[in-house]
Structures are given as structure tokens and as C-alpha cells.
Amino acid sequence: MCGWVARQRDHGGLTFVDLRDREGLVQLVFHPEEAPEAQEVAHQFKTESVIRVTGEVRRRPEGTVNPGLPTGEVEVAVRTVEVLAVADTPPFPVEDRIEADELLRLTYRYLDLRRPEMTRVLQLRHSISRIIRDHMEGLAFVEVETPFLTRSTPEGARDFLVPARLWPGSFYALPQSPQQLKQLLMVAGQDRYYQIVRCLRDEAPRADRSFEFTQLDMEMSFVNEDDVLRVIEPLYARIVAHIKSVVVPVPFRRLTYAEMMARYGTDRPDLRYGMELADLGEAFAGTGFRAFAAALSQGGVIKGFAAPGGSQLSRRELDELVQVTKERGAAGLVWMVVEDKETIRSPVEKHVIPEEARAAAAATGAGPGDLLLIVADRADRANVALDGLRRHLAARLGLVPDGEWRFCWMVEPPLFEWSEDEGKWVSVHHPFTSPASDDLSPETATARAYDLVLNGFELGGGSIRIHDPWTQRRVFEVLGLTPEETEEKFGHLLRAFRYGVPPHGGIAMGLDRLAMLMAGKETLRDVTAFPKAQSGADPLTGAPAPVPEEQLRDLGITVIARKDAKKDGGA
RNA sequence: GGGCUCGUGGUGCAGCCUGGUUAGCACACUGGACUGUCAAUCCAGAGGUCGCGGGUUCAAAUCCCGUCGAGCCCGCCA
């Protein structure tokens with residue numbers, strides 16, 4: 001047996017050592033009488049050293065079984081031992097119960113990954129990939145690789161660029177997704193494509209977002225929305241069944257974007273708990289409370305929800321809720337404690353008449369002991385704030401049930417959205433997303449697009465694509481693109497579409513977030529073998545790092561000094 | 001680009017609000033004892049520029065300013 005020395009219990013004579021490998025722990029016993037030489041070596045073991053032992057696997061003596069260990073009924077009586085590599089004292093203990101600083105864990109990631117918990121995560125990701133490959137293969141999908149060095153796309157996120165040595169001044173872009181290539185594969189007659197592929201976006205990382213991430217990318221020809229969803233639903237049901245031993249019903253619920261926004265204030269609602277939003281415009285239609293009246297007269301909304309048992313919150317916690325609201329850009333929060341059917345306590349009780357408060361309580365379903373939360377603002381800001389409050393309170397009040405996996409589809413999203421920055425309409429998904437109807441007026445047009453949502457996280461999304469030139473031209477018009485611009489930006493795709501394009505659609509599913517949820521982790525870093533810190537640096541390798549002048553010259557690149565330049569990479 | 005939180009022996013934390021002995025605890029580490037432990041136990045020991053720089057003060061881990069690093073969030077991102 002080979003492995004690492006996890007722990008020693010040295011009785012001077014008799015010595016126990018827990019040997020760890022990828023599969024787990026097993027207890028080695030060194031008897032001074034049976035193998036005095038081995039026992040002498042074991043006496044000097046340093047933790048995390050690599051050893052090889054021979055001996056006999058025995059049932060443990062009566063009364064010494066360890067029920068907390070899968071191998072707890074046996075032990076290895078060691079005959080010979082060999083130290084293959086002596087280890088320095090590790091910078092942090094290689095154990096699950098220790099919460100070491102994350103920077104330290106990333107710097108010594110190979111030690112961190114030795115922890116059983118992390119080993120389990122790697123195996124979990126492997127299981128997910130295997131189930132996907134098995135599922136897709138069973139449905140006659142063919143895995144095709146697409147290039148990593150590709151062309152920068154005008155829409156969407158910031159690209160990672162790679163200088164082209166043979167083309168000084170020109171750059172490849174690392175793919176944000178294989179979107180256009182998979183559509184070209186459909187034109188190429190490869191009617192069921194999939195790929196487990198890395199995608200890269202140069203945008204600020206978050207707990208549930210990183211520079212590089214892995215997607216199940218797929219595309220099908222001659223299909224509609226149902227066909228695509230019917231491929232994904234049983235796959236995700238299989239994954240949850242395999243990893244969580246929970247049966248999730250298919251098909252998944254479908255909610256329109258409009259319905260989600262109205263009821264949850266977000267397009268990725270957590271359906272494991274209630275606290276649905278209610279429109280309180282009617283309850284406060286004739287209110288004398290100026291903040292509310294102003295919101296209504298300016299075309300805004302008054303929306304709110306009831307937090308069950310929320311009356312128990314302290315004043316400090318209520319102030320925290322106001323903070324959550326303001327962080328998300330809304331003007332303010334009005335809370336009301338429902339004490340009983342007649343009495344409602346609130347900082348604004350002077351301004352709100354009892355009938356209005358009671359109407360609001362009725363509309364949200366708030367009863368005695370509940371907390372009523374109301375935001376009056378522009379619809380988008382009110383929704384963002386209420387979504388944040390809903391998530392915050394669900395966690396605070398313990399309303400999030402464990403072990404529930406509530407999938408749902410978000411369907412019929414808007415086709416366009418107004419970009420304040422650019423001062424024009426832009427695609428919500430991408431410009432090849434098929435409209436749901438002939439209506440292409442940017443304010444009301446909806447898309448044949450869909451997102452899969454699980455427990456408040458967006459797992460992925462896709463759409464049926466446009467395949468007729470007339471519709472495509474009209475979409476470009478709304479986006480304010482001239483024929484010259486479309487030729488410049490999308491010429492290769494549009495040219496391909498002239499040579500016989502099948503109707504097609506697909507989806508891209510993020511595997512990291514799924515792994516994170518399946519593993520019960522709070523960050524993507526905890527389900528990634530070698531992640532980067534939030535700064536984008538990799539403490540393990542020291543990337544990013546400056547390169548020799550000569551290398552830059554070769555690429556025809558001059559580095560311009562910037563105020564915020566960092567001296568070195570992560571390490 | 002912005003907001004919040006954190007930074008103290010190898011590790012995890014306390015001390016900071018209210019400045020004043022030798023910076024405390026646990027784990028790890030080193031030496032010793034111990035023949036059925038399993039987070040072994042017992043005894044002893046070593047180990048600290050309190051992230052860095054500046055300021056206030058008779059005196060700074062503690063107060064102030066700046067800076068670096070880490071995390072979370074907003075903006076951004078499907």
C-alpha cells in the first residue's frame with residue numbers, strides 16, 4: 001500500500017498511522033514485537049510524507065472498531081515500510097475540519113486538493129462530465145472541438161486577447177463561447193453537436209463567476225424550444241439523481257420572464273420558498289405618503305412582500321435590510337411589523353393611514369408576526385432591491401429548505417434591452433436569437449430563448465436562432481447596424497447562411513455553478529482544481545506576470561505604463 | 001470604477017472600542033514519557049518586524065491617514 005501519512009498515534013511501542021490516498025484513510029498498525037524495524041521507522045514519520053508498506057489486512061480486535069471510518073473494521077498490520085519522500089511540515093493541516101486562509105490554500109493548492117473534501121469535489125465534477133457525455137452520446141450528439149484562437153466578437157463581454165506574432169498589430173480572442181462556430185456546424189450539416197468546453201470572459205470575477213468556466217455547449221438542427229429543453233431536462237434530473245439521490249420531476253416548470261419579474265423581481269428566482277412579490281399600487285393608489293405617491297406619479301411601482309415571522313427581527317437587523325435595499329440602488333425601504341389584525345407598527349405610520357397598511361398586508365398575505373417590506377421606485381430598481389431582500393430574508397429567517405432542487409425554465413425574455421451606456425437597443429441574448437413573433441418593436445418583442453434556473457442560480461441558457469435573412473436584417477436594423485457594419489462584423493456567418501441553413505437552436509450550460517450547487521459550496525473556487533483569486537491572479541503559479549522584452553518585441557507589442565499597474569503577478 | 005469586512009508566531013483565533021507590565025489561547029512543530037489508539041494522552045521547549053509606510057502621543061498591535069493583499073457586494077457579465 002502507498003499513500004501519505006495523515007496522522008500518527010504513537011504509544012512509544014505500539015504505533016498507529018492513518019494512511020491517506022485518493023480513496024480515503026486506513027489505519028496502519030506497527031507492532032514492536034511483530035515488526036520492530038518498521039515500528040522504529042514509523043516512530044520517526046513526518047506528517048504528509050509518502051510511504052509504502054507491506055503487511056496483512058486484518059479484522060480489528062474486538063472493541064477497537066472505528067465506526068466513523070469506512071475502513072474502520074480493518075487495519076493493516078505492517079511488516080515492512082519504506083519512506084518514498086519525506087515531507088516538510090505543511091503550511092496548513094491537510095484536514096477537512098480546518099478552515100485555512102484561502103490565499104494560503106491557493107498557494108499550496110496541491111496540499112489543499114489532498115483534503116478528502118476537495119478530492120470528493122474533483123470526483124463529483126468528473127461524475128457530472130461522465131453523465132453528460134453518456135447522455136449526449138445516447139442521443140446521437142457528436143462532440144466536436146472548436147478553436148481557442150478565434151476572432152473578437154463585438155457584442156457581449158470583454159475578450160481576452162492573444163497577440164498574433166505572424167500578424168503584428170492583430171489579435172486573436174479567446175472564445176467567450178463557441179456560439180458562431182456551433183451555428184456554422186449546423187450549416188455544415190452536423191445536426192447534433194455538443195462539447196464540454198472552456199469559455200473565457202474578461203469581466204470582474206465573483207463568488208459564482210470566474211474568468212474561465214466550463215460549459216456543456218450544444219446545438220441541434222430542425223428543432224424548436226421543446227426539443228432542446230427535452231434534451232436538457234432528463235440530463236439534469238439524472239445528475240441530481242446520481243449525486244443527490246433525489247428524484248426531480250420532469251418536465252421542469254416554465255415561467256415567463258414577465259411573470260418572474262412580477263412575482264420575484266428577478267429572472268433567476270429561488271423557488272424553494274415563498275415570499276412572492278405583490279403589486280401594491282392599488283393599495284396606495286390615493287396615498288398621502290409623498291415617497292409612495294411620487295413613485296406612482298413618475299411611472300414607477302410600489303411592490304412588496306411579507307416575510308413570515310419577520311417581526312422577530314431586531315432594530316439593527318431592520319436597519320440592515322434598509323442597507324441591502326440601498327446597496328442595490330433603490331431609494332429606500334419601508335417596513336411594517338404586523339402585530340395583529342388591527343395593529344401595524346412602522347416608522348412611517350404617521351404618513352400611511354391604517355386602511356392602506358391593511359390593504360398592503362392583505363395583498364401580500366402578511367399576517368400577525370410577519371414583516372411587510374415595501375419598495376417604491378422605478379420598476380427595475382424596485383425589483384432588484386426586492387430580489388435582494390427576499391434572498392437575504394430567506395437565509396436570515398431559515399426559510400431555505402435543504403435538499404430541495406427546484407429547477408425552472410425562464411422563457412419568453414425580451415429580445416432587446418435599452419443600453420444606457422451606448423444609447424441604443426442591444427440584444428439581450430445575442431443578435432441571432434429568433435424573435436417569438438413578427439413583432440420586432442424593441443419595447444415589446446420577446447425572444448425564443450430560455451434559461452435554466454436552479455435554486456436562485458442561472459445554470460445556462462440558449463435560444464432558437466434566426467435562419468431567415470429577412471428577419472435577421474430587421475433585427476440588425478433595430479440594433480442600429482448598417483449593412484456595411486453587419487458585413488464587417490458578421491459577414492462570415494451571414495455568408496454561410498446563404499448556402500442552405502437549417503433551422504437550429506441550442507443551449508450552453510455552465511458546469512461550474514452546477515458543481516458548486518451539487519457540492520454545497522459557496523464559491524466556484526471550491527469546485528475548481530486550480531482557480532484564480534478574485535483579483536485575477538493565480539497565487540500558485542504567479543500568473544499573470546511580465547514577460548521578457550524580447551518576447552514583446554517578437555510580438556510587436558509595447559507596454560504603456562499605467563497608474564494602476566501592479567509590479568508582479570499573484571505570488 | 002465604487003462600497004463593506006478582514007490582515008497579530010507555521011495554522012486558527014483573542015487582545016484594538018476605552019493607548020501603558022514580559023502580546024494571550026488552541027492546534028501544529030521540537031525533545032521526552034507511554035503497547036489498542038483513532039482530533040491519542042501526559043511533561044517540557046522553541047517560535048512574533050502585530051501586512052507595509054507615515055502621523056498623533058511621554059508611550060501605538062490598539063487612535064488617524066495612506067498603501068498592499070484577501071474576501072463579499074454594486075457596476076460590469078449570460
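Per chain, numbering begins at 1; letters A, B, ... match sequence-line order.
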Measuring only the [atom1] atom in each nucleotide, how far is [N] from [M]? A whole number of Å is fine.
| N | M | atom1 | answer |
| --- | --- | --- | --- |
| rU11(B) | rG32(B) | C1' | 25 Å |
| rA60(B) | rG19(B) | P | 14 Å |
| rU62(B) | rU8(B) | P | 13 Å |
| rA61(B) | rG20(B) | P | 10 Å |
| rG12(B) | rU57(B) | P | 37 Å |
| rU49(B) | rC34(B) | P | 37 Å |
| rU67(B) | rG3(B) | P | 11 Å |
| rG15(B) | rG51(B) | P | 15 Å |

Starting from [atom2] on [N], measure out to [atom1] on [X] and report it in whole angstrom.
| X | N | atom1 | atom2 | value |
| --- | --- | --- | --- | --- |
| E212(A) | rA78(B) | CD | P | 17 Å |
| H43(A) | rU30(B) | NE2 | C1' | 13 Å |
| Q534(A) | rC76(B) | CD | P | 17 Å |
| F30(A) | rC38(B) | CZ | P | 18 Å |

Do NZ/NE/NH1/NH2 and the carboxylate oxygens of [X] and [Y] come within less than 4.0 Å?
| X | Y | answer |
| --- | --- | --- |
| E225(A) | R448(A) | yes |
| K182(A) | D217(A) | yes |
| D159(A) | R151(A) | no |
| R105(A) | D526(A) | yes |
| R79(A) | E34(A) | no |
| E95(A) | R97(A) | yes |
| K532(A) | E212(A) | yes |
| R20(A) | E48(A) | yes |
| E75(A) | R59(A) | no |
| R201(A) | E203(A) | no |

Has [X] got a side-chain N or O lying under 4.0 Å from the OP1 or OP2 atom of [N]?
| X | N | value |
| --- | --- | --- |
| R20(A) | rC38(B) | no |
| S535(A) | rA70(B) | yes |
| S177(A) | rA78(B) | no |
| Q176(A) | rC77(B) | no |

Please work out if [X] contacts a base, only the sugar-phosphate, or nothing of the nucleic acid, heavy-atom cut-off 4.0 Å.
| X | value |
| --- | --- |
| D267(A) | base |
| T15(A) | nothing |
| H31(A) | base |
| E75(A) | base |
| R525(A) | sugar-phosphate |
| A204(A) | base |
| G388(A) | nothing |

Scan side-chain atoms only and decide if Q27(A) and R9(A) contain a donor-acceptor pair under the 3.5 Å cut-off.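 Result is yes, a qualifying pair exists.
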
Return the nucleotide paired to rA26(B): Watson-Crick means purine N1 to pyrimidine N3 with N6-O4 or O6-N4, wobble means G-U with N1-O2 and O6-N3, both under 3.5 Å.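 In the structure as shown, rA26(B) has rU11(B) as its Watson-Crick or wobble partner.
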
Pairing partner of rU57(B) (Watson-Crick or G-U wobble, both distances under 3.5 Å): none

rG75(B) base / E203(A) side chain donor-acceptor hit below 3.5 Å: no

With distance as the sole criterion, do the side chain of R209(A) and the base of rC77(B) form a donor-acceptor contact below 3.5 Å?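 Looking at the base of rC77(B), it does pair with a donor or acceptor on the side chain of R209(A) (distance under 3.5 Å).
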
Treating primed atoms plus P, OP1 and OP2 as sugar-phosphate and everything else as base, which nucleotides of nucleotides 39-52 of chain B get B, S or - for protein heavy atoms under 4.0 Å? BB------------

For nucleotides 7-14 of chain B, 5' to 3', base contacts (B), sugar-phosphate-only contacts (S) and non-contacts (-) with protein non-hydrogen atoms under 4.0 Å give ---SSS--

Choose from rC77(B), rC73(B), rU37(B) the nucleotide whose nearest atom is closest to any side-chain atom of Q27(A). rU37(B)

